[in-house]
Amino acid sequence: MIRNTPKSQVLKLKSGRSMIGTFRLKQEPATAWLDAFPPLARLEDPSRSALARCLPMDIRKGRCLFAPGEPCPGFVLLLTGRIRVGLTAENGRRLVLYRVLPGETCVQTTLCMLGDLKYSAEGMAESDLRLVIVPPILFLCLLRESAIFAQFVFERFRARLSEMTRLIATIAFFGWTPGLSLH
């Protein structure tokens with residue numbers, strides 16, 4: 001059940017060995033950032049209030065957000081900027097799987113959150129970012145208790161998997177070329 005927390009809470013985010021930053025769960029909800037995600041405006045009051053306690057954080061361009069084998073710190077909601085998600089082969093060749101733009105979600109993060117998995121790709125900040133990270137416990141609670149939140153997560157997951165399927169088909173039928181990506 002989603003309940004109000006009596007105090008603010010500070011959480012530290014790490015990406016492998018590097019510290020991405022810290023973020024706070026505020027005692028009083030701040031709902032302004034939720035406007036970047038219109039479906040979340042329809043959230044039930046307890047769910048909206050709980051989600052609004054997550055505060056936006058800023059990350060600089062060029063920062064590695066995650067790498068293969070690292071645990072997922074939470075569900076990312078991108079407010080501004082652009083994240084590149086891809087793979088790098090041992091020979092240095094890169095494949096951009098997709099880019100996350102404001103209002104979108106990351107399929108890698110969703111997979112990790114749903115399956116308690118580690119990342120299998122890398123995520124880089126292609127520009128300065130402003131994002132919110134929903135802690136795993138809150139994410140799973142919202143999925144269970146809010147049909148609106150669950151629909152939001154799975155609609156975006158479905159759309160991203162469709163893009164991934166097109167990328168796989170392109171590679172399979174037409175071959176790989178440097179710079180190949182969905183965006």
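Predicted, not measured: the structure shown is a model, and the values here were computed from it.
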How long is the span from the [atom1] atom in [X] to the [atom2] atom in [Y], to the nearest 0.5 Å?
| X | Y | atom1 | atom2 | value |
| --- | --- | --- | --- | --- |
| C106 | L77 | SG | CG | 11.0 Å |
| L111 | S120 | CG | OG | 7.0 Å |
| C141 | L51 | SG | CG | 11.0 Å |
| L101 | E126 | CG | CD | 9.0 Å |
| Y119 | T109 | OH | OG1 | 3.0 Å |

[X] versus [Y]: any side-chain heavy-atom pair under 4.5 Å?
| X | Y | result |
| --- | --- | --- |
| R42 | F152 | no |
| Q151 | P39 | no |
| L138 | F75 | no |
| L65 | L129 | yes |
| E70 | K118 | no |

Step through the shown structure and confirm whether more than 12 heavy atoms of other residues, nucleotides or ligands are within 6.0 Å of CG on D45.
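Atom CG in D45 is not packed in, count stays at 12 or less.
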Do you know which two heavy atoms are closest between [X] and [Y], and how far apart they sit?
| X | Y | result |
| --- | --- | --- |
| E122 | L87 | OE2-C, 4.2 Å |
| A41 | R48 | CA-NH1, 3.4 Å |
| G74 | I133 | CA-CG2, 3.6 Å |
| A36 | P38 | O-CD, 3.5 Å |
| C54 | V132 | CB-CG1, 3.5 Å |
| P136 | P73 | CD-O, 3.3 Å |

same_hphob_cluster([X], [Y]) at 4.5 Å side-chain heavy-atom cutoff:
| X | Y | value |
| --- | --- | --- |
| F154 | I148 | yes |
| F149 | L79 | yes |
| M124 | V100 | no |
| L114 | L117 | no |

N/O donor-acceptor pair under 3.5 Å between [X] side chain and [Y] backbone:
| X | Y | answer |
| --- | --- | --- |
| E104 | L78 | no |
| Q108 | A121 | yes |
| D128 | K61 | yes |
| S127 | R82 | yes |

Taking the six-membered ring for Trp, are W33 and F37 parallel (under 30°), tilted (30 to 60°) or perpendicular (over 60°)?
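Perpendicular, since the angle between the ring planes exceeds 60°.
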Side chain to side chain contact (heavy atoms under 4.5 Å, CB included) between V153 and T105, worked out
CA-CA 8 Å; V153 170; T105 59; over 6 Å; no
